[in-house]
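Below is one structure, written out as structure tokens; comments come after it.
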Amino acid sequence: MAEISLAIAGGEPQRFPHGISVEEALRVLVSNKERKRTLAVQLGEDLVDLSTPLIADAQLSPITTESEAGLRIMRHSAAHLMAQAVLEIFGPEVKVAIGPAVEDGFYYDFDRAEPFTPDDFARIEARVAEIVAAAAPFTRRTVTVAEAKEFFAGQGQKYKVELLAEMAVPTVTLYEQGGFVDLCRGPHVPNAGFVRAFKLVKLAGAYWRGDEKNVMLQRLYGTAFFDPKDLKTYLFHLEEAKKRDHRKLGRELELFTIQDQVGPGLILWQPKGALMRRLIEDYWKEEHYRKGYELLYTPHIARRDLWQTSGHLDFYGENMFSAMDIDEVSYQLKPMNCPFHINIYKTRMRSYREFPIRWAELGTVYRYERTGVLHGLMRVRGFTQDDAHIFCRPEQLEEEIFNILDLNLHILKTFGFADYDIYLSTRPEKFVGSDEHWLQATEALKLALEKKGLTYRLDPGEGVFYGPKIDIKIKDVLGRSWQCSTIQVDFNLPERFEMRYIGEDGKEHQPIMIHRALMGSLERFFGVLIEHYAGAFPVWLAPVQAIILNITDSQLDYAEKVYEALRGAGVRVAKDTRNEKLNYKIREAQLQKIPFMLILGDQEVEAGQVTVRLRDGKNLPPMPVPEFAGMISNECVASRGW
RNA sequence: GCCCACGUAGCUCAGUCGGCAGAGCACUUCCUUGGUAAGGAAGAGGUCACCGGUUCGAUUCCGGUCGUGGGCUCCA
């Protein structure tokens, strides 16, 4: 028998008999300790089981319990264990669909007449614990698609049969543990004992293959770890994340509210939230002015004809609120601002000399969202976009995109966001515009991204039908990612509205149009902001920057003087002069996450100073009032840049 | 829209195996004037989401509606 040469990546190759298993090879190639925590290896591009026979020279990279990849493999195995437990408890009439590892764990979809209840969780967990204790080995075998079909058909597992029917390969692999056989690519842990900590976390409905035309399956979400301590940490982090939930903080800090009587997905901004919004808007307007934008205001409704012309009724109609008749003319609430901006463009003939035209508006739009998707500030039915439209010549496209990215990142950074995922979406199957335009525009987006030195992911075919786009997504503390910024090229509306300009050649041309929103929606952005800072906003944004806490009534006059002075100096100051103990007042101010507490006792009155307590519990040395006011204004300038 | 769970005072939550509803915090009043995360007492506050049904009687059981949460789908 021939020999093959194997090595740990970066290590010395050694000779082994042809067909030796990965596990046998590891016994020679790595230490015992290392081998015991290895659950699979990477072979080239592929991850394979330890039992895999090796038939060619190769470099092996062990996947251990210490790695992300190892965790994923184990979680995928945990999904199999859960499916085994479910079938054992609820009988073989339960149909299994798919069960992959996901970000924080795994899930498995089941088709069962009776709904699972949270009470079932304990039973399933107990059964999984037994399976884990038995450390049943995972075994793999390769069969033909026909054999696999016959096997699963025999078990009545119709979803597996359906999956097999679409596979364009001759053979598939089956994994078995404890008598449960699943169609699966693998790899898996060597035995169930690797699943040291297992927990079911939630129950949800999910359509078969994600298509709402299909039957709804029951999805059980779980998570698993190699070490029970990690599970505990994970659950602790979930609790911590809940504390930053913008819905909870929004109520506690009195930033915004959503009332049944008003309607779902409709936001009421309370005074403190409204104040913050004003600060955000002021900042936004100033930055835009500096970058050569002009501001517009447009109405909330328009004649239905406008939406006909724009095409929104055709491609966006199901997201629009229904029409209302006014003097026998039909009107509709706006889901977007663009048609208004185009109408302003069209008030007269435009020249290439005016380009680029950059028009921005904080435009409030209304979109019908299905009830199930509404979520605090993140997903609402009425929201204000920080919208803008840029009209330019094709050759200006790249530079304009670059400018937008520049402004975009600058603004995000001011709000403390430096981590985000960038996506470039290219042409979908259904599209308007010429091949040449698409190619040019997509190239321009790419070049701008590269020139800005940004790494991005390509999302092929995920562009809007009217043009390619760049999306920037910010992650919240619960790990959900929210799209805020979007930059889209549009070949459609200029055509539909017959937009024109006179070029250098004296002839009519069609302008290029860019839609863009940086914060996306003020509501969503505010939600992300609340979670990002856990409600402890930077000084320039804090609705209350400082609160005066007097110790006894004998400082009331001085408190009033300090209050007036700080107000006069432009500090957002509040005072708590209630007849309460200092401890009590500090606790409240702390819970309100006010950056500075100004403690006033007899000492401060005498010295004409304030003692500053920070929200992290530290104290600054006593200082005169003007010095404190100066400190605040300096900090704001430093954060905001002006 | 679909699946599962939930909806009791402003907030967090008890409770009623069907018999006119409870705590803590917040709020009001009084006492207390106290230096870095809750001083004490009293008071007020709820058609138990809404609409129907079963019942002598429903906040409790059943059905529907609305809303919320977590998912699916969709998106700023």
Side-chain angles (χ1 to χ4, degrees), chain A residues 102 107 109 115-120 201-221 242 245 247-248 251-252 254 257-265 316 318-319 335-337 363 365 367-387 464 471-474 478 480 482-486 488 515-525 527-528 549-556 578-592 597-604 611-615 617-619:
Chain A
V102 290
Y107 67 79
D109 287 346
F116 290 109
T117 69
D119 293 339
D120 296 331
V201 290
K202 60 197 168 199
L203 171 64
Y207 300 104
W208 167 234
R209 319 201 103 182
D211 187 336
E212 61 182 321
K213 291 188 201 76
N214 290 338
V215 291
M216 168 91 39
L217 305 171
Q218 298 188 62
R219 175 170 296 178
L220 291 175
Y221 281 92
K242 265 190 202 161
D245 189 313
R247 294 164 300 187
K248 179 176 151 73
R251 185 172 55 235
E252 289 171 357
E254 300 189 291
T257 179
I258 302 169
Q259 295 292 317
D260 285 6
Q261 194 175 24
V262 175
Y316 206 75
E318 62 185 33
N319 282 298
M336 296 188 195
N337 303 301
V365 298
R367 298 181 182 178
Y368 169 73
E369 295 288 351
R370 310 212 269 181
T371 52
V373 306
L374 299 174
H375 177 88
L377 290 174
M378 306 297 200
R379 206 55 200 283
V380 297
R381 284 182 172 161
F383 60 96
T384 300
Q385 289 182 307
D386 67 319
D387 207 358
V464 208
D471 287 330
I472 299 181
K473 295 183 182 181
I474 298 178
L478 288 172
R480 292 171 301 210
W482 295 101
Q483 183 172 322
C484 291
S485 316
T486 183
Q488 311 179 345
H515 306 254
R516 49 113 281 196
L518 307 184
M519 298 183 286
S521 110
L522 288 176
E523 283 75 4
R524 175 177 294 177
F525 191 76
V528 175
L549 309 179
N550 60 318
I551 293 171
T552 70
D553 287 352
S554 63
Q555 298 95 35
L556 278 177
R578 289 175 303 175
N579 174 11
E580 295 289 355
K581 289 198 165 188
L582 181 62
N583 276 344
Y584 185 89
K585 297 185 185 184
I586 286 179
R587 178 182 152 81
E588 278 202 356
Q590 192 79 45
L591 291 174
Q592 286 295 306
M597 293 168 224
L598 305 179
I599 314 247
L600 305 187
D602 288 338
Q603 293 164 28
E604 284 77 11
T611 294
V612 183
R613 183 192 204 270
L614 308 176
R615 61 188 155 186
K618 294 187 186 116
N619 275 326

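Side chains are part of it too, since the values below use all heavy atoms of this structure and drop only hydrogens, waters and symmetry mates. By convention in this document, chain letters (A, B, ...) are assigned in the order of the sequence lines, proteins followed by strands, and residues within each chain are numbered from 1.
- Remark: the separation of the C1' atoms in B:U60 and B:A21 is 12 Å, to the nearest Å.
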When every nucleotide of nucleotides 35-44 of chain B is labelled 5' to 3' by its protein contacts under 4.0 Å (heavy atoms), B for base, S for sugar-phosphate only, - for none, what sequence of letters results?
-> BBBBB-----
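- Summarising the geometry of A:N214 relative to A:Y207, their closest heavy-atom pair is O-CD2, 3.6 Å, with the distance given to 0.1 Å.
- Between A:Q385 and B:A76, a side-chain N or O to OP1/OP2 separation shorter than 4.0 Å is absent.
- A salt bridge is defined here as a Lys NZ or Arg NE, NH1 or NH2 lying under 4.0 Å from an Asp or Glu carboxylate O, and A:R247 with A:D245 meets this definition.
- In this model, no donor atom of one side chain and acceptor atom of the other lie less than 3.5 Å apart for A:Q483 and A:R524.
- If you check B:U47 for Watson-Crick or wobble pairing at under 3.5 angstrom, you find it has no partner at all.
- One interatomic measurement links the two molecules: NZ of A:K213 to P of B:C72, which rounds to 18 Å at whole-angstrom precision.
- Within 4.0 Å of A:V201, counting heavy atoms only, lies no atom of the nucleic acid at all.
- With no hydrogens or angles considered, a side-chain donor-acceptor pair links A:Y221 and A:R219 at under 3.5 Å.
- A straight line from CG of A:L377 to P of B:U68 spans 13 Å, rounded to a whole angstrom.
- Between B:C27 and A:R578, a contact under 4.0 Å exists linking OP1 or OP2 to a side-chain N or O.
- If you take CG of A:L522 and P of B:A76, they are 16 Å apart, rounded to a whole angstrom.
- If you take atom P in B:G46 and the same atom in B:G22, they sit 13 Å apart, rounded to whole Å.
- With 3.5 Å as the limit, one finds no donor-acceptor pair spanning the side chains of A:S521 and A:Q385.
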Could you walk me through whether A:L220 and A:K202 pass side-chain contact (heavy atoms from CB on, under 4.5 Å), step by step?
-> CA-CA 6 Å; A:L220 291 175; A:K202 60 197 168 199; over 6 Å; no
Where protein sits on nucleotides 1-14 of chain B, one letter per nucleotide: B base, S sugar-phosphate only, - none, heavy atoms under 4.0 Å = BBBS------SS--
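- For A:H375, counting side-chain heavy atoms from C-beta on, the closest listed nucleotide (B:G70, B:G71, B:A76) is B:G70.
- In this entry B:C72 has B:G1 as its Watson-Crick or G-U wobble partner, both defining distances falling under 3.5 Å.
- In this structure, A:W482 does not count as stacked on the base of B:A76 under the 5.5 Å centre distance and 30° plane angle limits.
- Taking atom CE of A:M378 as the reference point, atom P of B:G69 lies 12 Å away to the nearest angstrom.
- With both pairing distances under 3.5 Å, B:A37 is matched to nothing as a Watson-Crick or G-U wobble pair.
- One P atom belongs to B:C72, the other to B:C61, and the distance between them is 31 Å to the nearest Å.
- A salt bridge between A:E588 and A:R578 is present, with a side-chain N of the basic residue lying under 4.0 Å from a carboxylate O of the acidic one.
- Spacing of C1' atoms, B:A49 relative to B:C30, comes out at 37 Å, to the nearest Å.
- Nucleotides B:C27 and B:A38, compared at atom C1', are 16 Å apart to the nearest Å.
- Spacing of C1' atoms, B:U59 relative to B:G35, comes out at 49 Å, to the nearest Å.
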Show your working on side-chain contact (heavy atoms from CB on, under 4.5 Å) between A:L614 and A:N619 and close with a plain yes or no.
-> CA-CA 6 Å; A:L614 308 176; A:N619 275 326; over 6 Å; no
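- In this structure, CD of A:Q592 is placed 12 Å from C1' of B:A26, rounded to the nearest angstrom.
- Using a 3.5 Å distance cut-off with no hydrogens or angles, the side chains of A:R367 and A:Y316 do pair a donor with an acceptor.
- Side-chain contact between A:R381 and A:T371 is present, with at least one heavy-atom pair separated by less than 4.5 Å.
- Rounded to a whole angstrom, the distance from the C1' atom of B:C50 to that of B:G7 is 11 Å.
- Of the P atoms belonging to B:U65 and B:C3, the separation is 11 Å, rounded to the nearest Å.
- Nucleotide B:C75 holds its C1' atom 8 Å from the CZ atom of A:R367, rounded to whole Å.
- Rounded to an integer number of Å, the gap from CZ of A:R379 to P of B:G69 is 13 Å.
- Residues A:V102 and A:Y107 meet the side-chain proximity criterion, which asks for heavy atoms closer than 4.5 Å.
- Residue contacts for A:Y107: at a heavy-atom cut-off of 4.0 Å it reaches no nucleic acid atom on any strand shown.
- Taking 4.0 angstrom as the limit, A:R247 places a side-chain polar atom (N or O) nearer than this to OP1 or OP2 of B:G70.
- A donor-acceptor pair shorter than 3.5 Å can be found between the side chains of A:Q555 and A:D602.
- One atom, CG of A:L549, and another, C1' of B:G34, lie 14 Å apart when rounded to the nearest Å.
- Taking for each of A:S521 and A:D553 the nucleotide of RNA chain B with the nearest heavy atom, the 5'-most of the two is the partner of A:D553.
- Pairing for B:G10 is with B:C25, a Watson-Crick or G-U wobble pair whose two hydrogen-bonding atom distances lie under 3.5 Å.
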